[in-house]
Structures are given as structure tokens and as C-alpha cells.
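In what follows, every heavy atom counts, from backbone to side chain, and hydrogens, waters and symmetry copies are set aside. Lettering of chains follows the sequences in order, A, B, ..., and the numbering in each one begins at 1.
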Number of protein chains: 2
Amino acid sequence: MPDSVESALHCTWLLAQQPATALPARRLAEFHGLPQAYLSKILKLLTRADVLRAVPGTGGGYRLARDPEQITVLDILTAVQGDGPMFRCRELRQRGPVPLPVEACRRPCGIAAVMHRAEQAWRQELAATTLADLHGHAATASIGRARRWLEALPTANG
Amino acid sequence: MPDSVESALHCTWLLAQQPATALPARRLAEFHGLPQAYLSKILKLLTRADVLRAVPGTGGGYRLARDPEQITVLDILTAVQGDGPMFRCRELRQRGPVPLPVEACRRPCGIAAVMHRAEQAWRQELAATTLADLHGHAATASIGRARRWLEALPTANG
DNA sequence: GCGACTTTACTCGGATAACTGCTGTCCGAGTGACCGGGG
DNA sequence: CCCCGGTCACTCGGACAGCAGTTATCCGAGTAAAGTCGC
Ligand code: FES
Ligand code: FES
């Protein structure tokens with residue numbers, strides 16, 4: 001699994017701490033210690049998938065497109081990795097010197113069925129967890145460090 | 001997910017039809033319509049993981065290392081893809097201008113916990129399915145085509 | 001002092017290289033079967 | 001007819017290229033804010 005998934009999850013989690021304001025890619029990269037340009041690409045993908053909303057101009061950045069309770073971890077993974085299933089049945093049963101006729105291949109084969117069932121369980125676990133749940137179960141130390149850094153920003157706050 | 005997984009599953013499934021005799025890589029590649037050399041690599045990995053047993057010499061090939069009831073789909077995936085978890089926590093919380101102290105990172109972070117939980121569900125589904133189960137739930141057409149080809153082999157049978 | 005215009009700096013967006021892992025391929029070492037010769 | 005040695009073809013095993021997806025990077029279009037000038 002690509003590492004970009006972790007970056008996307010961390011950024012969305014951090015944005016969930018302040019759903020109102022928007023943070024630019026430069027700040028998020030600085031906070032997470034990641035290359036700014038590449039993280040920009042990831043945030044781009046999240047924006048295309050309607051997980052984040054981009055705010056252009058000075059003082060702009062990215063903010064959550066919906067409430068944290070309505071953004072699941074599966075949405076983030078789908079945005080970064082694509083919505084296609086990780087296991088793809090290549091229909092090997094129709095190849096070789098003794099191929100199976102197409103009319104007998106309407107139903108998915110047993111191997112694909114098992115794979116899809118396991119993947120479905122995986123997706124269900126991910127879809128059952130929202131950003132709000134992550135915030136609720138997060139360690140106090142993590143929330144503390146995030147809040148500390150957010151309040152120390154040179155933004156036009158009070 | 002790499003396509004080699006499907007090849008490995010199909011080969012092991014076919015070998016489960018005849019646990020006694022051994023089939024060479026050439027025959028398996030011919031049956032599945034796959035490149036012989038690459039499939040040899042996959043079978044090599046399965047042999048290293050003690051899923052298959054290699055029989056050298058003329059008339060040799062690969063046979064199952066254990067009974068089909070004791071070989072799970074997870075074993076095959078682990079053999080091909082490696083036993084490492086697909087999601088790897090890079091410890092981003094320890095990076096950046098406000099890093100979390102190491103003493104506070106003994107427990108896995110919330111993101112990694114969710115990911116590992118989902119992956120555990122996935123693994124559980126795969127570990128609960130054996131090659132014998134695949135044979136039991138397979139379509140009669142698939143079993144028929146396999147048996148037909150196996151009996152038509154030029155092997156030194158009766 | 002107030003408003004409008006200009007300039008500025010900052011933001012996202014898409015298009016463009018370098019790198020790792022999967023895919024595909026090759027040839028050598030080892031083994032069992034097969035064939036020929038001798039007893 | 002049976003046993004032995006030699007030859008052979010077939011097998012796996014590890015080492016070697018090619019391509020795709022991920023990672024990393026750059027610069028241009030667009031925008032909101034700030035600064036500046038005139039009234
Ligand atoms: S034919 Fe290979 S997984 Fe369906
Ligand atoms: S610190 Fe990123 S997933 Fe654990």
C-alpha cells in the first residue's frame with residue numbers, strides 16, 4: 001500500500017481539528033515533515049473526490065468538504081488509491097487449451113468470491129470509522145500537540 | 001494488488017484436485033495460459049513458504065506440501081506478497097516542528113490502529129478459507145474442466 | 001478620512017522527471033527416466 | 001532374461017532486463033489581501 005495513504009489520513013485528521021478554517025498545503029507539509037509539492041498532489045486527489053474543499057487566494061488552503069462525522073476512512077482511501085478493487089479477476093478460467101465457455105462465467109469464480117468477501121470485510125471496517133471517531137479515540141497527547149501548533153500559527157487570529 | 005496472487009491461487013487450487021501427483025510448471029502454465037518462466041517464479045515463492053513441495057527430475061513438478069484442509073488462502077497471499085502488513089505506520093507524529101516524544105509513542109496511533117483492525121478482519125476472512133473449502137464451493141463446470149484436462153495428460157497413467 | 005485602483009504575494013492546478021517494485025526472461029545445477037551393452 | 005553403466009531429457013533454482021505505478025518536483029493561472037493614490 002502506498003505511503004500517500006498515511007499522509008492523506010494525517011492531513012484529514014488535522015483538518016478535522018479545525019473544520020471551520022482552511023489550512024494551506026505549505027503549513028500541512030511543515031507540520032507533518034513531508035515534501036510540500038508531493039503532499040499538494042495528494043490533497044489534489046482528495047479535492048477531486050469531494051473529501052476536501054479548496055479555497056484559493058491568500059489566506060486560503062484546504063478545508064473539509066463535509067462534517068467530520070460524514071467522512072469515512074474508506075472515502076479517503078478511495079480518493080487516494082482509486083475505487084477499483086485491489087483484487088482483480090483476470091478470468092483465467094477462460095484461457096488455456098480447455099477454456100470455460102463464456103455462458104458458464106456469468107457468476108464470479110470461487111477465488112474471486114473469497115477475495116471480494118475478504119475485501120468487503122476490510123471496507124466495512126474502514127467505512128464504519130469516521131474522522132470524528134478518530135478524533136474521539138485519539139490520544140490526548142496527539143490532540144494537544146495539534147492544538148498547540150494550530151494556536152501558534154501566524155494566522156490572522158485574535 | 002499484483003496479479004501474481006491470482007496465478008498462485010489458481011495453481012494451488014488445481015494442485016488441490018490431485019494432491020497425490022506432482023505437476024510441472026510447464027503444464028500449469030499451459031493449462032492457465034500464462035508465461036511459463038514467470039509462473040515458475042511464483043511457484044518458487046510458494047515453495048519457499050512451505051506451501052508447495054518441489055519434486056525434481058523427469059516426471060517431477062510441484063505438489064501440495066500439506067493437506068488441502070491445512071492450507072489457507074492467507075498462506076498463499078503471505079507467500080507471494082510477503083508477510084508484512086500492507087499499511088505501514090511511518091511515525092509521522094514524531095516528525096515536524098512539533099514532534100511527539102518517543103515515550104508517548106509506545107502505543108500505535110489511532111490511524112494505525114484502525115488500519116490494522118481492518119486488515120485483521122481481511123486476514124481473518126482469508127485465513128478461514130482453505131483450499132478444501134474452495135474445492136467444495138467450486139462450480140461443477142470448473143471441477144469438470146480441471147478433471148478432464150488432468151485425465152487427458154500424457155502422464156504415465158494406466 | 002474614505003473609496004477605488006494597482007500592486008503584490010500567496011494559493012491551487014496541471015504537466016513533467018526519478019525511483020521502487022511487479023512483470024517477464026534467461027541459463028546453469030541436479031535428478032530421474034531411458035537406452036544400450038554385458039553377464 | 002536380468003543387471004549395470006552411460007546418455008539423455010526434463011525439472012527446479014537463482015540471476016538478469018523491461019515496464020508501471022508511486023514518489024518527487026516544477027512552473028503557470030487565479031484570487032484575496034494589502035498598499036497606494038486621488039478625492
Ligand atoms: S478466473 Fe481467476 S480469479 Fe476468477
Ligand atoms: S504516525 Fe502515521 S499512522 Fe502512526
Side-chain angles (χ1 to χ4, degrees), chain A residues 1-8 11 15 21-30 32-63 65 77 79-84 86-88 90 92 153-157, chain B residues 1-8 11 15 21-30 32-65 77 79-82 84 86-88 90 92 153-157:
Chain A
M1 179 169 311
D3 295 349
S4 56
V5 171
E6 183 182 355
S7 305
C11 288
L15 288 172
T21 64
L23 285 175
R26 177 171 176 78
R27 292 295 176 190
L28 279 86
E30 180 186 349
H32 295 100
L34 292 171
Q36 177 265 335
Y38 182 42
L39 197 141
S40 175
K41 190 181 197 116
I42 299 169
L43 297 170
K44 214 177 303 175
L45 293 173
L46 289 167
T47 305
R48 275 193 182 177
D50 290 329
V51 173
L52 299 183
R53 176 77 67 174
V55 180
T58 305
Y62 291 98
R63 66 173 179 82
L77 283 189
V80 176
Q81 274 215 317
D83 57 354
M86 45 183 175
F87 181 82
R88 180 68 182 167
R90 299 292 180 196
L92 258 61
L153 279 177
T155 315
N157 55 3
Chain B
M1 180 171 309
D3 294 349
S4 55
V5 171
E6 184 181 353
S7 305
C11 287
L15 289 171
T21 64
L23 285 176
R26 178 172 176 77
R27 292 295 175 190
L28 279 88
E30 180 186 350
H32 295 101
L34 292 171
Q36 178 264 335
Y38 182 42
L39 196 141
S40 175
K41 193 183 196 113
I42 299 169
L43 298 170
K44 215 176 303 177
L45 293 173
L46 289 167
T47 304
R48 275 192 182 177
D50 290 329
V51 174
L52 298 183
R53 177 77 66 174
V55 180
T58 305
Y62 292 97
R63 67 174 179 82
L64 294 182
L77 284 189
V80 176
Q81 274 213 319
M86 44 184 175
F87 180 83
R88 180 69 183 168
R90 298 291 181 197
L92 258 60
L153 280 177
T155 315
N157 54 4

Shortest non-hydrogen contact between [X] and [Y], atoms and distance:
| X | Y | value |
| --- | --- | --- |
| Thr21(A) | Arg63(A) | O-CB, 3.9 Å |
| Ala79(B) | Ala49(B) | CB-CB, 3.3 Å |
| Leu15(A) | Tyr62(A) | CD2-O, 3.3 Å |
| Asp50(A) | Ala65(A) | O-CB, 3.5 Å |
| Arg88(B) | Glu6(A) | O-OE1, 3.3 Å |

Legend entry - Chi angles and distances behind the side-chain contact (heavy atoms from CB on, under 4.5 Å) call for His32(B), Ser7(B): CA-CA 8 Å; His32(B) 295 101; Ser7(B) 305; over 6 Å; no
Inset, instruction - Show your working on side-chain contact (heavy atoms from CB on, under 4.5 Å) between Gln81(B) and Met1(B) and close with a plain yes or no. - result: CA-CA 9 Å; Gln81(B) 274 213 319; Met1(B) 180 171 309; 3.9 Å; yes
Inset, instruction - Could you encode protein contacts along nucleotides 20-33 of chain D as a string, one character per nucleotide from 5' to 3', using B for base contact, S for sugar-phosphate-only contact and - for no contact, with a heavy-atom cut-off of under 4.0 Å? - result: --SBBB-----BB-
Distance check needed: [N] [atom2] versus [X] [atom1], whole Å only.
| X | N | atom1 | atom2 | value |
| --- | --- | --- | --- | --- |
| Leu28(A) | dT11(C) | CG | P | 11 Å |
| Arg26(B) | dT11(D) | CZ | P | 7 Å |
| Arg63(A) | dT11(C) | CZ | C1' | 15 Å |

Inset, instruction - Check DNA chain C against residues 45-53 of chain A and give the residues with a non-hydrogen atom under 4.0 Å, in numerical order. - result: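 Result for residues 45-53 of chain A: Arg48(A), sorted by number.
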Inset, instruction - Sequence neighbours left out, what passes side-chain contact (heavy atoms from CB on, under 4.5 Å) with Ala8(A)? Give chain and number order. - result: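 Listed in chain order: Ile42(A), Leu46(A), Ile76(A), Val80(A).
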